[in-house]
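A single structure is presented below for examination.
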Amino acid sequence: MLYLRLITMRLLKAVVVLFMIIIFNFVLIQLAPGDPAAILAGEAGATDEEFLRQLRERFGLDQPMYVQLWRYVSGIAMLDFGFSYRQGVPVLDLILARLPATLLLTGTAFVLSLALGIVAGSLAAARVKKPSGSIIMTLALLFYATPLFWVALMSVVLFSVYLDLLPAYGMYTVGAGHTGLALVLDVGKHLILPATTLALFFMAIYTRMTRASMLEASQQDFVKTARAKGLKNSVIQRRHILRNALLPIITLAGLQAGQMVGGAILTETVFAWPGIGRLMFEALQQRDYNLLLGIFFFSAALVIVFNIITDLVYGLADPRIKEGS
Amino acid sequence: MTDTQTPLLSLRHLSISLPKGADRALAVEDVSYDVFRGEILCVVGESGSGKSMAANAVMGLLPKGVYASGGEAIFDDQDLLKLSEHQHRTLRGLRIGMIFQEPMTALNPLMRVGDQIAEVFEAHGQLSGRERQQQALALLTEVGIPQPDKAIRAYPFQLSGGQRQRVMIAMALALEPELLIADEPTTALDVTTQAQILELIRDLQRRRGMAVMFITHDFGVVAEVANRVCVMRHGKIVELGEADEVLKHPRHDYTRALIEAIPSNVIPEARGAETDTALLEVKGLSKVFRSKGGLFKSAREVHALQDVSFSLVKGETIGIVGESGSGKSTLGRCVVRLERPDSGTLSLSGTDFMHLQGESLRRERHRVQMIFQDPYASLNPRHRVGYAIAQGPMANGMSKAQAFAKAKELLALVGLGGTDDRYPHEFSGGQRQRIGIARALAMEPELIVADEAVSALDVSIQAQILELLEELKQKLSLSLLFITHDLRVAAQICDRIIVMQHGRIVEQGPAREVFLAPREVYTRELLDAIPGREHELADA
Amino acid sequence: MSFFARFAQNRGALFGLIILLGIIVMAILAPLVFPESPWRMVQRPFLPPMEVDGFLLGTDTMGRNVAAGLMHGAWVSLMIGLVSTLVALMIGVPLGAVAGYYGGLIDDGLMRFTEFFQTIPNFALAIVLVAIMQPSITSIVLAIAIVSWPPVARLVRAEFMSLRNREYVEAARLVGQSNATIIVRQILPNTLSPIIVLASLMVATAILLESALSFVGLGDPNVMSWGYMIGAARTVIRQAWWLSFFPGVAILLTVLALNLVGEGLDDALNPKLARERS
């Protein structure tokens with residue numbers, strides 16, 4: 001009952017946020033210096049007067065502001081993100097074609113970073129003051145402070161150029177024509193470097209968070225109760241401390257989703273991974289602002305979906321919400 | 001009880017060291033006492049006396065950095081202080097059980113109550129899965145939880161504080177330990193719940209014949225449950241003996257001070273108001289709190305105040321008494337206008353104090369001031385105390401020099417002369433409370449509301465602050481609204497008493513009458529629930 | 001114990017402070033050591049490190065001195081990190097203070113607004129903002145500030161919420177102090193230490209963001225920055241790894257130092273917490 005309410009409220013909120021992002025996009029176009037049509041077409045495309053005229057008409061740029069806003073909003077509501085002048089394809093088609101690659105990359109990196117981060121963080125929490133705990137935290141701090149794109153580039157140099165172990169670019173071996181299991185293995189091999197580099201930074205975050213959260217949970221009164229029962233330390237760590245420490249991590253994981261998209265832009269750029277991050281970089285280089293805004297909207301939508309999922313997981317994990325009155 | 005039998009637990013010259021940088025080197029210094037089978041030993045002391053430390057050492061649950069540095073703790077022929085963590089663990093829960101002060105946080109919020117009890121059996125490898133649940137159910141029944149078959153599937157947040165403490169007791173008793181350590185188990189509870197839990201512990205102790213080490217700061221509780229008493233101060237034993245003996249003929253001054261400081265030993269005198277001009281008039285006051293329906297909870301309404309009416313005459317002290325949730329604090333906050341009542345009237349010397357808002361409220365605020373509960377939260381840690389007192393007059397237009405001069409005067413008045421350029425952290429809790437009183441006086445208010453003004457203080461300090469208030473009342477002919485959960489405190493300082501429950505006034509009348517001849521059942525219950533009352537009345 | 005003594009107890013923090021001072025010295029000395037523009041071509045391109053005297057770190061694809069770029073870039077990174085953090089504080093602190101102090105509908109409104117900015121993917125938003133405003137120091141600083149103020153607002157709001165019903169605040173209200181006085185004199189001073197700690201970490205994040213923006217080609221075309229150097233060398237990584245390597249190490253050290261200093265500040269400002277944590 002309460003849980004159902006939670007879901008509806010969450011969906012409602014998501015719709016509002018998406019609507020606000022559309023308006024935000026619209027305002028951005030208006031605020032930009034110069035002719036909005038030229039911006040939508042991309043600076044270089046401004047020479048084509050016919051196209052600009054079409055654009056002005058389409059968005060009603062000669063009409064009052066509220067008509068423009070209405071056209072823009074209703075367009076996006078109908079999933080019409082406009083046309084990428086540079087690539088000659090509707091923006092939506094471009095994005096949908098690239099979406100699976102990004103989902104594969106970010107999904108893998110997310111699972112990898114969360115799993116390793118929680119394990120490393122709990123180990124570090126259990127070994128406070130011991131050298132092994134310090135080593136874990138030092139590594140986490142290093143990964144946290146290293147620019148992601150630089151790790152990506154350096155891993156290309158190390159694993160691809162010098163060691164020649166892993167492919168550094170793309171998602172498949174071009175021209176190999178793999179199918180079935182061979183294709184899966186091929187993609188998997190291409191996935192290793194980008195997914196690991198993307199995961200490292202987030203693993204660092206989850207490690208630090210898990211450790212802090214566990215240390216905080218271990219100060220709680222119920223831990224003393226558990227010890228007074230005569231429970232083994234390992235059981236207390238797992239059942240009482242970790243379980244309580246995980247709740248804030250679920251929330252954090254949801255908040256980090258947005259960062260993950262940002263990380264994907266950088267990793268995909270370095271590894272030429274054909275996802276929407278790489279697409280964003282291409283749009284940037286070609287000054288294809290309409291495509292850029294479309295991707296921006298889509299990435300925000302992705303984050304929102306992810307946030308809803310984490311909220312639901314949180315609701316399941318915390319009885320105070322699941323069975324609350 | 002026979003003194004000839006061997007003790008179950010015997011502390012011999014126990015010393016416990018605190019980490020560097022603590023306010024003293026030893027938490028407990030050369031402490032020796034025994035606990036015998038079938039007795040309740042109360043370890044009494046004020047905060048910081050080290051009364052809990054010995055118990056934690058016995059359990060092997062000393063906080064980080066704190067360790068036993070000398071002596072021994074003999075339990076069944078073995079020195080507990082020399083046990084390995086593994087050996088200690090096998091004793092915990094099985095032969096020594098423990099319950100704690102905070103029932104709200106002592107249970108894991110994510111586990112069902114039944115599973116948490118079953119864990120005790122699991123920890124010591126006893127019974128099968130289903131038997132553990134059956135046993136948990138039997139235990140919950142034994143500790144008197146309503147609807148135990150439902151409670152066993154409940155999460156802690158679904159139970160009340162008293163119920164959670166019962167769960168804690170069920171858990172501690174699951175394996176029938178020979179020794180139960182109870183660390184302030186009733187301090188966080190309401191008086192009526194406290195009485196029930198004390199009754200339960202006494203009852204279980206008798207039925208099972210176990211030894212109980214009961215740690216408390218409250219001599220009232222001692223009178224209620226103890227066979228023997230050990231009084232501690234600054235980490236050392238002050239007095240040790242049979243409970244009756246210590247209560248009736250305390251040998252040490254400190255013990256005597258503690259017993260005398262129990263305010264219930266004072267039967268209120270008959271007092272009359274000096275005038276009959278009403279200063280504060282409250283009629284039909286109501287206040288509803290609406291918690292907004294958020295993502296996680298549906299909207300709720302709490303009727304904090306319902307149709308409350310009373311009046312306070314100039315120079316009078318009225319005590320508002322009730323348990324937590326009775327609305328007494330809300331009433332006080334409405335009177336000083338930290339809250340805005342929903343309906344009714346609230347007038348001060350004839351002016352409407354209820355509908356003032358914004359700037360006009362700000363200008364009138366000086367007329368009613370408040371003394372707060374928590375001495376550690378009531379002073380801004382970043383302001384010198386002189387400034388803390390002076391800023392009120394300054395906000396009302398007094399010059400800086402005058403305001404600071406006034407602050408100095410007032411500090412002297414409350415017995416803290418010459419301390420105006422110090423910061424709050426340099427003062428003790430009782431001293432801070434004096435500063436809070438000076439701050440309220442600086443505004444020359446017509447009425448002072450004291451919200452649980454002595455509840456956070458140790459009993460001996462409590463008595464001093466009450467004395468100061470009494471003295472100031474005489475000197476400055478103050479009018480006081482004294483809010484407290486403690487009937488004993490109210491009896492000591494109030495002319496009249498108002499008893500509240502569920503946001504309504506249950507009974508009001510002269511203090512002596514309410515205290516000695518309560519008309520309402522609820523008032524009688526409250527009075528009966530005060531621990532140690534029988535002992536004192538027998539003495540009186 | 002003095003503030004610095006507590007800070008210095010954390011050896012990592014001391015180490016971080018030393019690195020940070022080193023980088024600041026580098027930034028200050030840059031115009032003295034390399035008075036010429038770092039954009040000037042001074043040698044043949046792709047000169048490996050330590051091959052020619054005076055070119056310790058070699059030259060880049062256009063024959064520019066890598067060491068010069070590195071030193072001039074230090075100034076840019078530190079300035080952008082600092083200024084954008086200050087701008088973010090100027091947005092986040094008042095917003096969080098008002099939301100936390102007044103609560104109710106004001107809080108609801110302001111928090112929805114904050115959540116909105118938190119939901120939008122940070123880096124994507126920064127890219128869009130800089131791209132549309134056209135890359136320049138100002139647009140980069142603004143974009144970084146716009147994506148990084150929400151945590152400040154949330155922290156300040158949480159602090160204000162926990163402090164606004166503190167008894168000394170209620171006492172101030174009762175003696176008739178105005179809301180503005182209470183916010184500025186009673187509550188704000190008590191929220192400073194967590195804000196300072198957060199700010200030091202934000203400078204680090206801002207430097208990372210700036211370098212990432214420059215890396216994807218959104219740096220100010222008139223200033224040399226570490227991110228730009230890595231981005232420009234991206235396509236020649238197979239031939240000249242050192243062109244990306246050194247600026248990356250510079251970013252890493254700066255961000256690491258700032259994080260260590262932040263932790264040290266946290267320990268020094270919250271001594272009780274530090275003892276429990278270690």
Side-chain angles (χ1 to χ4, degrees), chain B residues 19-22 63-65 292 294 333 335-339 358-383 385 387-398 403 424 432 435-436 439-440 442-443 445 448-449 451-453 456, chain C residues 1-3 5-6 9 99 101-109 111-112 115 119 159-196 267-278:
Chain B
K20 265 183 235 141
K64 270 197 190 119
K292 207 181 47 161
R333 294 173 64 83
V335 169
V336 299
R337 282 302 309 279
L338 278 173
E339 300 286 353
E359 197 54 27
S360 49
L361 174 63
R362 206 158 73 75
R363 274 198 305 269
E364 298 289 322
R365 276 203 183 282
H366 66 91
R367 297 174 62 185
V368 187
Q369 288 298 304
M370 193 165 198
I371 302 168
F372 295 89
Q373 169 172 9
D374 185 350
Y376 289 91
S378 68
L379 294 170
N380 192 330
R382 308 231 167 211
H383 293 165
V385 299
Y387 176 66
I389 297 170
Q391 60 187 358
M394 274 153 62
N396 286 275
M398 192 183 273
R432 289 181 200 213
I435 296 164
R439 177 176 56 193
M443 308 304 293
I448 292 182
V449 176
D451 187 5
E452 299 276 12
Chain C
M1 220 185 325
S2 75
F3 175 81
R6 283 201 303 261
Q9 265 192 331
Y101 183 74
Y102 288 100
L105 281 178
I106 296 177
D107 178 41
D108 271 0
M111 276 303 112
R112 290 299 93 76
E115 266 172 33
T119 312
E159 292 286 322
F160 264 71
M161 285 201 3
S162 83
L163 291 176
R164 74 163 174 215
N165 291 327
R166 203 49 78 84
E167 293 177 345
Y168 62 79
V169 176
E170 296 194 326
R173 203 171 295 150
L174 281 185
V175 299
Q177 284 193 343
S178 66
N179 287 328
T181 313
I182 293 176
I183 289 176
V184 176
R185 301 216 62 166
Q186 304 284 356
I187 308 185
L188 199 58
N190 285 298
T191 61
L192 280 185
S193 36
I195 295 178
I196 290 171
D267 288 358
L269 293 168
N270 309 306
K272 193 167 153 266
L273 266 173
R275 215 175 303 138
E276 277 163 17
R277 219 181 295 134
S278 60

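Letters A, B, ... are given to chains in the order of the sequence lines, protein chains preceding strands, and every chain is numbered from 1.
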Heavy atoms only: give me the nearest B/R382-C/S193 pair and the separation to one decimal.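 B/R382 and C/S193 have their closest heavy atoms at NH2-OG, 4.3 Å.
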Side chain, backbone, both or neither: which part of C/S178 has a heavy atom under 4.5 Å from chain B?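 Both parts, heavy atoms under 4.5 Å.
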Check: B/Q369 side chain, C/L174 main-chain N or O, donor-acceptor pair, under 3.5 Å: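 Pair found, side chain donor or acceptor close to backbone of C/L174.
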What part of B/E359 gets within 4.5 angstrom of chain C, counting heavy atoms only: side chain, backbone, both, or neither?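 The answer is neither part of B/E359.
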Structural part of B/L379 lying under 4.5 Å from a heavy atom of chain C: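 Looking at B/L379, just its backbone touches chain C.
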Nearest-0.5 Å distance, CD of residue C/Q177 to CE of residue B/M394: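 Output value for this atom pair is 8.5 Å.
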Pairs of heavy atoms under 4.5 Å with chain C: top-ranked of B/V336, B/D374, B/N396: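 Max contact count across the listed options: B/D374.
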Contact class of B/M443 relative to chain C, heavy atoms under 4.5 angstrom: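 Contact with chain C is through the side chain of B/M443 alone.
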Any donor-acceptor N/O pair, B/N380 side chain to C/Y168 backbone, under 3.5 Å: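 Answer holds: no.
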Main-chain N/O of C/G176 paired to B/R362 side chain as donor or acceptor, under 3.5 Å: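 Confirmed, B/R362 side chain pairs with C/G176 backbone.
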So which of B/G392, B/A377, B/P19 has the biggest tally of heavy-atom pairs under 4.5 Å with chain C?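 Going by pairs under 4.5 Å, I would pick B/A377.
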Please examine the side chains of B/Q391 and C/R185, heavy atoms only from C-beta on, and report whether any two atoms are closer than 4.5 Å.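 SC-SC contact between C/R185 and B/Q391 ruled out.
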Closest heavy-atom pair and its distance - B/R333, C/E170: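 For B/R333 versus C/E170, the nearest heavy atoms are NH2-OE2, 2.6 Å.
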